[in-house]
Number of protein chains: 2
Amino acid sequence: MTRSQLTHEDKAFLSTYDPATYERPAVTVDLVILTILDDRLVLLLVQRNEPPYRKKWALPGGFVRVGNGKSSRGEDLLEAAQRELSEETGLPTDDILLAQIGAFGAPMRDPRMRVVSIAYAALVRPTLAPFIQAGGDAARTEWTALNDAMKMPLAFDHPEIASKALQWLRDQLVRSSIARSLLPPTFSIAELRRVHEAILDVSIDPGNFRKRFLRMIDDSVIEQAPGRRITASKPASVYRFVDTGRS
Amino acid sequence: MTRSQLTHEDKAFLSTYDPATYERPAVTVDLVILTILDDRLVLLLVQRNEPPYRKKWALPGGFVRVGNGKSSRGEDLLEAAQRELSEETGLPTDDILLAQIGAFGAPMRDPRMRVVSIAYAALVRPTLAPFIQAGGDAARTEWTALNDAMKMPLAFDHPEIASKALQWLRDQLVRSSIARSLLPPTFSIAELRRVHEAILDVSIDPGNFRKRFLRMIDDSVIEQAPGRRITASKPASVYRFVDTGRS
DNA sequence: ACAAAAGTGTTAATTTTACACCCATGC
DNA sequence: GCATGGGTGTAAAATTAACACTTTTGT
């Protein structure tokens with residue numbers, strides 16, 4: 001909805017409009033940054049330096065910049081998530097999938113004040129994960145297996161957010177080629193299978209998975225790529241997702 | 001996260017903490033209130049009385065109550081959605097499914113000020129729909145076919161929100177028994193089929209749908225109910241969703 | 001030679017899809 | 001009677017699932 005679509009009446013109204021000073025919540029973005037390490041689905045936790053929940057592990061996140069609300073309006077929610085992602089990890093955000101997974105606004109979720117947080121999942125290729133460096137005000141950052149993280153006493157309502165992210169990821173896995181964002185540009189059948197196994201936390205018959213995979217090739221979702229992947233035994237062919245124009 | 005889980009350090013910190021006066025966005029909830037009328041999926045639109053977008057059709061919605069942010073913290077996001085739902089429709093909210101479908105916070109989505117809106121879908125049984133009465137500050141309210149609505153010049157970014165709601169509903173339909181919320185307590189096979197047809201906007205073979213339906217009976221998702229449904233021709237048996245304890 | 005992981009094949013069970021047809025009711 | 005929509009059956013095709021087997025490599 002751009003300003004140019006407003007009517008004359010709207011513009012006249014706005015020139016005299018003074019936004020009422022309602023009480024407003026703070027708005028933040030929280031990130032569930034995920035990748036696959038050692039065939040396990042892991043997320044990035046930061047250890048808090050400041051109260052509340054000092055020394056507790058938490059999801060990275062921060063305030064959405066809003067400008068002064070009139071002449072400058074600040075950033076979109078996705079932009080805020082991208083900024084936080086790059087602040088916390090030092091990684092370029094253009095190769096990392098960010099998807100909104102929900103809004104969390106329980107009145108007492110932050111003891112300091114009323115905060116509504118928009119949660120995003122970030123899927124990082126494992127090849128990028130080693131380059132992550134602690135940033136911002138975090139004392140330490142650490143990759144933690146999602147299974148373990150959900151049993152930890154994370155700060156705020158972050159266990160709930162992490163759980164929602166896992167739900168979201170599992171849903172996406174069946175319905176789309178989301179695994180693409182958790183793999184190098186080319187990958188073997190077994191590598192894709194292990195991503196599925198890590199996300200769904202099940203083991204999958206290699207033979208049967210292969211058949212599903214070959215069907216994806218029939219459907220032109222995936223195509224063979226040049227080269228082979230060296231493994232502990234027989235080398236495997238590598239494949240890539242067919243580029244559909246969209247980033 | 002309740003207050004009792006805070007450490008002593010946290011409590012000491014909080015007693016001296018003065019929430020910084022960051023600029024904050026207004027936070028609202030917007031509702032995509034859906035039901036099935038004449039075998040069509042329809043949503044409730046209200047005609048705006050005030051600028052901006054005066055006379056334009058819009059989704060019902062309103063501000064989340066936040067209290068003063070300290071001693072009183074106001075309502076949860078879902079509570080805000082429930083309150084708006086009952087204000088706008090006059091219906092009791094306890095029989096209406098409300099699910100969060102996303103947060104929308106583009107900087108210029110509201111020309112008056114920076115607003116972040118949490119969108120909820122509300123599924124209303126068609127038996128309740130006739131009792132809806134215009135409430136609040138809306139000039140008129142009207143059920144509109146979702147197909148048509150998405151071609152209308154709705155106010156703000158409401159087309160985007162409506163589209164997200166449809167996506168959400170279609171996803172849920174395959175994965176859960178969400179159709180329950182759009183049907184009377186008991187229903188015929190054909191009635192459930194027509195709900196599916198309306199939501200997916202396809203026609204479904206009655207014989208094949210029946211077989212899927214019977215499988216749901218095998219799985220104890222659905223059971224036969226007493227009575228029959230009078231139709232234009234042969235009367236149909238009626239069924240109900242098995243009560244699984246959860247509302 | 002052997003272990004390990006890639007890759008292939010077989011079979012039964014289940015599910016999907018298209019379509020033909022019978023049955024009970026209101027008009 | 002006959003149109004309408006409920007209800008039933010059949011058969012091909014596609015998918016899933018369990019599992020045995022062969023091939024190619026590194027050590």
Side-chain angles (χ1 to χ4, degrees), chain A residues 36 38-40 126 170-171 173-177 179 183-184 186-240, chain B residues 36 38-40 126 170-171 173-177 179 183-184 186-240:
Chain A
I36 307 273
D38 302 326
D39 296 337
R40 280 154 53 240
R170 287 180 174 169
D171 281 359
L173 190 64
V174 292
R175 139 172 17 280
S176 73
S177 49
L183 285 167
T186 70
F187 50 90
S188 69
I189 299 184
E191 283 167 346
L192 180 60
R193 175 167 49 81
R194 282 191 287 267
V195 168
H196 280 245
E197 289 177 332
I199 291 175
L200 300 176
D201 198 20
V202 295
S203 60
I204 301 172
D205 180 278
N208 291 338
F209 187 81
R210 170 170 257 285
K211 274 189 296 246
R212 273 163 59 194
F213 191 95
L214 295 181
R215 219 175 302 138
M216 286 198 273
I217 296 181
D218 285 346
D219 298 345
S220 295
V221 177
I222 286 173
E223 63 189 0
Q224 188 150 18
R228 323 208 93 211
R229 178 76 75 253
I230 280 74
T231 71
S233 64
K234 179 178 174 181
S237 304
V238 293
Y239 302 82
R240 67 164 82 93
Chain B
I36 306 272
D38 301 327
D39 295 339
R40 280 154 53 238
R170 287 181 174 168
D171 281 0
L173 190 64
V174 293
R175 135 170 25 278
S176 73
S177 50
L183 285 167
T186 69
F187 52 89
S188 69
I189 299 185
E191 283 167 346
L192 179 61
R193 174 167 50 82
R194 281 191 287 266
V195 168
H196 280 244
E197 289 177 332
I199 291 176
L200 300 177
D201 198 22
V202 295
S203 60
I204 301 173
D205 180 280
N208 291 339
F209 187 82
R210 180 182 195 72
K211 272 190 297 243
R212 275 162 58 194
F213 191 95
L214 295 180
R215 218 175 302 138
M216 287 198 273
I217 296 181
D218 285 346
D219 298 345
S220 296
V221 176
I222 287 175
E223 63 190 0
Q224 187 150 18
R228 326 208 91 211
R229 178 77 76 250
I230 281 74
T231 72
S233 64
K234 181 177 173 181
S237 303
V238 294
Y239 302 82
R240 66 164 83 93

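The figures that follow rest on heavy atoms only: side chains count, while hydrogens, waters and symmetry mates do not.
Each of B/R215 and B/G207 lies near DNA chain C, and the nucleotide nearest B/R215 is the one positioned closer to the 5' end. Closest-nucleotide positions on DNA chain D for B/S188 and A/R212 were compared, and the one nearer the 5' end corresponds to B/S188.
Between B/F209 atom CZ and D/dG6 atom C1' there is a gap of 14 Å when expressed in whole angstrom units. Here D/dT16 presents its C1' atom at 19 Å from CZ of A/F213, a figure rounded to the nearest Å. With rounding to whole Å, A/L192 atom CG is found 12 Å from C/dA6 atom P. If you take CG of B/D205 and C1' of D/dG7, they are 12 Å apart, rounded to a whole angstrom. The nearest whole Å value for the distance from the CG atom in B/D39 to the C1' atom in D/dG5 is 13 Å. Atom CG of B/D218 is separated from atom P of C/dT14 by 11 Å (rounded to the nearest Å). Computed from coordinates, the A/N208 CG to C/dA13 C1' distance equals 13 Å when rounded to whole Å. If you take CG of A/L200 and C1' of D/dT16, they are 15 Å apart, rounded to a whole angstrom.
The side chain of A/A190 lies closest to C/dA6 when the candidates are D/dG5, C/dA6, C/dT16. Which of C/dT16, C/dC19, C/dA6 sits closest to the side chain of A/R194 comes down to C/dA6. Taking every side-chain heavy atom of A/P235 into account, D/dT25 is the closest of D/dT25, D/dG6, C/dA6. Taking the side chain of A/S233 as heavy atoms from C-beta on, and the options C/dG7, D/dT8, C/dA5, the nearest nucleotide is C/dA5. Comparing C/dA18, C/dT15, D/dG7 against the side chain of B/K211 picks out C/dA18 as the nearest. Residue A/K234 has its side chain nearest to C/dA6 when only C/dA6, D/dT8, D/dA18 are considered.
Contact annotation: A/S237 reaches the phosphate of C/dG7 (side-chain N/O to OP1 or OP2, under 4.0 Å). Contact annotation: A/R210 reaches the phosphate of C/dT8 (side-chain N/O to OP1 or OP2, under 4.0 Å). OP1 or OP2 of D/dG6 sits under 4.0 Å from a side-chain N or O of B/R193.
Side-chain atoms of A/D219 do not come within 3.5 Å of backbone N or O of A/V221 as any donor-acceptor pair. Using modelled atom types, one side-chain atom of A/R229 and one backbone atom of A/T186 make a donor-acceptor pair closer than 3.5 Å.
No more than 12 heavy atoms of other residues, nucleotides or ligands lie within 6.0 Å of CG in B/D38, so this atom counts as exposed by the packing criterion.
Residues B/E191 and B/T231 are not in side-chain contact: their nearest non-hydrogen atoms beyond the backbone lie 4.5 Å or more apart. Between A/I217 and A/Q224, the closest side-chain pair of non-hydrogen atoms is not below 4.5 Å.
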